[in-house]
Amino acid sequence: MSYTLTTPLYYVNDRAHLGSAYTTLACDAVARYRRLIGESVRFITGCDEHGQKIQRTAEAAGVTPQAHCDAVSEGYRQLWARWQITNDRFIRTTDPRHRSIVEQFFARVEAQGDVVEGRQQGWYCVACEEFKDDPADAEAPSCSVHQKPLEWRDECNLFFRLSRYQGEIEALIRRPGFITPASRRREVENFVAQGLRDFSISRVELPWGIPVPGHDGHTFYVWFDALLGYLTALLEADDPADLNLVTQRGWPAQLHVIGKDILRFHAVYWPAMLLSAGLPLPDKVFGHGFLTREGQKMGKSLGNVLDPEMLLERCGSDAVRWYLLRDIPFGDDGDFQQQRFLDLVNNDLANTIGNLLNRTSSMARRWFEGGVPPAGGAVEPTHPLALIAAACRDRYRPAMEQLDFRTAAEATLELAIAANGYLNEQAPWSRMKQDGNREQVAADLYAVLEATRWVALLLAPIVPDLSGRMLVQLAQDPSWPWWDALVWGRLEPESPLPEPSPVMARLELEEPL
Ligand code: MSP
């Protein structure tokens with residue numbers, strides 16, 4: 001099966017912040033999971049490089065927009081590489097092939113009679129690159145997302161006839177699972193119920209954009225161009241820029257993951273554009289919540305922005321991935337709290353999971369010739385830990401399918417907690433002191449090691465580095481099909497184990513983040 005998923009294409013007005021890292025890490029977990037269950041994945045990310053916001057940023061920095069975009073998008077590319085993001089594509093909307101895809105798409109839409117001239121009047125937020133419907137304060141209107149003054153615009157533009165698609169969009173957003181979580185759907189339903197209005201897709205006097213063929217002086221509105229980046233991204237390296245190819249290259253996407261602020265573009269404008277161009281619609285749009293920090297919005301002016309580069313350097317990828325995906329229900333807003341971050345990483349990863357592996361493999365090696373003990377009856381699927389492992393796996397899978405990373409992480413942790421509990425109850429360190437218990441101790445240690453192997457496997461999409469280190473400590477062959485490996489008793493009895501070394505150090509911060 002083929003699975004195409006996307007992050008938003010990030011604006012290059014500034015470097016990546018924790019918000020962009022959050023979406024990208026979540027998508028990376030999905031992409032890894034999908035590959036592990038055997039699907040052929042196309043994981044797309046990239047940068048959105050046109051529009052007024054970028055043009056102004058470049059002007060303020062005294063560089064050409066292209067030079068500015070080259071520098072910032074390279075920063076994104078490198079950042080994702082350092083985070084070991086497994087994206088298959090990195091699309092930049094200044095890619096020459098993209099221009100051609102936009103032109104072909106526009107030609108289809110125009111041929112449908114969906115492009116009309118009109119006059120656009122209204123309040124515009126350059127940071128959102130969006131017209132705002134009804135500013136709360138008519139005297140000094142400002143953007144509720146960016147707290148920046150809105151700008152009055154009055155210009156003649158080309159419009160896309162969104163109003164024509166009212167019925168189809170209504171039916172689409174009612175389709176179960178198209179907009180998730182369901183709470184976000186209501187927002188979109190209310191918007192659509194007010195009646196869809198045509199929206200402008202071109203700008204005049206904005207040189208930093210793709211020129212609209214046949215309409216001198218117009219460039220495409222940045223959102224019209226950016227959404228099409230999802231299509232261009234699917235072209236293979238040596239493909240020509242041919243829009244007809246995209247359906248053979250993985251379109252439609254199974255999943256767009258975005259923040260809640262850009263849901264309307266993805267759940268309303270984008271499907272209508274695709275309908276107009278005769279292209280199939282994506283299966284699912286997941287709108288996640290916003291991250292705050294210690295209860296406050298993160299912002300440059302507040303000086304409390306968490307820089308993903310710094311976080312990676314000081315805390316490591318496992319800690320941040322675990323915290324963001326395990327603690328915040330994906331879909332809800334979440335708050336980054338330093339103390340909670342440290343507590344969860346140290347309790348879950350270092351104490352519960354790391355120690356479980358370390359102490360069990362140390363005992364096994366010490367008493368059973370440097371390797372996995374003979375299993376005895378512990379290979380039976382009716383072993384108490386086998387039953388718990390199976391129950392955790394059965395909760396994990398549907399959770400991952402629904403992007404409920406929290407439940408998946410909790411199921412994994414529950415198995416580690418159960419294995420620790422079992423070890424404490426059986427107390428092999430006491431049993432070993434009495435004669436005649438060797439077989440029982442062997443079986444108990446086998447069962448706990450086997451449960452730990454499952455924990456390592458289940459962690460793979462969420463904290464891939466830690467998972468890899470654990471599997472090395474358990475002498476596991478990483479080329480095994482993952483889901484098949486989640487069968488009780490696959491750990492080979494009496495196979496050698498490497499010298500134990502801690503897989504997860506405790507996270508201590510000398511200075512606050
Ligand atoms: N360029 C558009 C997307 C075009 S997609 C064809 C854009 N870019 S963005 O860089 O401004 O935003 C990217 C994503 O970051 C959005 O999904 C947005 O919701 C998300 N976030 C921005 N701030 C955020 C937080 N504080 N927390 C979580 N996500 C946040 O929009």
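None of these values were measured; they are calculated from a predicted model. FYI, side chains are in, hydrogens and waters are out, and symmetry mates aren't considered; it's all heavy atoms of this structure. Counting starts at 1 for both ligands and their atoms, following the listed order. Starting from 1, each residue takes its place in the sequence as its number.
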Would you call Glu236 and Arg89 a salt bridge, taking side-chain N to carboxylate O under 4.0 Å as the test?
yes
Would a search of protein heavy atoms around atom 13 (C) of ligand 1 find one under 4.0 Å away?
yes
So for Glu129, does at least one of its heavy atoms come nearer than 4.0 angstrom to any atom of ligand 1?
no
Please state which protein non-hydrogen atom is closest to atom 3 (C) of ligand 1 and give its distance, to 0.1 Å?
Leu9 O, 3.2 Å
Leu18, Leu263, Leu291, Asp261: member with heavy atom nearest to atom 18 (C) of ligand 1:
Asp261
Provide, to 0.1 Å, the distance between atom 16 (C) of ligand 1 and the closest protein heavy atom, together with that atom's residue and name.
Ile262 CD1, 3.8 Å
Tell me whether ligand 1 is touched by Cys128 - counting only heavy atoms on the residue side and a distance under 4.0 Å.
no
What residue among Lys132, Gln52, Glu129 forms side-chain hydrogen bond (donor to acceptor under 3.5 Å, both in side chains) with Tyr124?
Glu129
Checking ring pair (Phe, Tyr, Trp, His ring centres under 6.0 Å) for the pair Phe160/Phe224: CA distance, chi angles, key distance, verdict?
CA-CA 10 Å; Phe160 172 71; Phe224 188 83; 7.1 Å; no
Any heavy atom of Trp223 sitting closer than 4.0 Å to ligand 1?
yes
Can you confirm if the aromatic rings of Tyr230 and His266 lie within a centre distance of less than 6.0 Å?
yes
the protein heavy atom lying closest to atom 22 (C) of ligand 1 turns out to be His17 CE1, 3.6 Å
Using a 4.0 Å cut-off to any heavy atom of Gly289, which atoms of ligand 1 qualify?
28 (C)
Nearest candidate to atom 8 (N) of ligand 1, where distance is taken over non-hydrogen atoms, out of Tyr76, Phe224, Tyr230, Tyr11
Tyr11
Ranked by distance from atom 17 (O) of ligand 1, the top protein heavy atom is Gly259 N, 2.8 Å
Ion pair present between Arg469 and Asp318, side-chain N to carboxylate O less than 4.0 angstrom?
yes
Any side-chain heavy atom of Phe106 within less than 4.5 Å of one from Val115?
yes
Work out whether the distance between some heavy atom of His288 and some atom of ligand 1 is less than 4.0 Å.
yes
May I ask you to decide if the ring planes of Phe191 and Tyr269 are parallel, tilted or perpendicular, using 30° and 60° as cut-offs?
tilted
Stepwise ring pair (Phe, Tyr, Trp, His ring centres under 6.0 Å) test for Phe159 and Phe199
CA-CA 5 Å; Phe159 280 68; Phe199 72 97; 8.3 Å; no
Counting only heavy atoms closer than 4.0 Å, does ligand 1 sit against the backbone of Lys297, its side chain, both, or neither?
neither
Can we call the ring centroids of Phe90 and Phe43 under 6.0 Å apart?
no
Just go through Leu227, Ile258, Asp48 and tell me whose heavy atom is the nearest to atom 1 (N) of ligand 1.
Asp48
Taking the basic N atoms (NZ, or NE/NH1/NH2) and the acidic carboxylate oxygens, is any pair closer than 4.0 Å for Glu189 and Arg174?
no
Please determine if Ala226 has a nitrogen or oxygen closer than 3.5 Å to a nitrogen or oxygen of ligand 1.
no
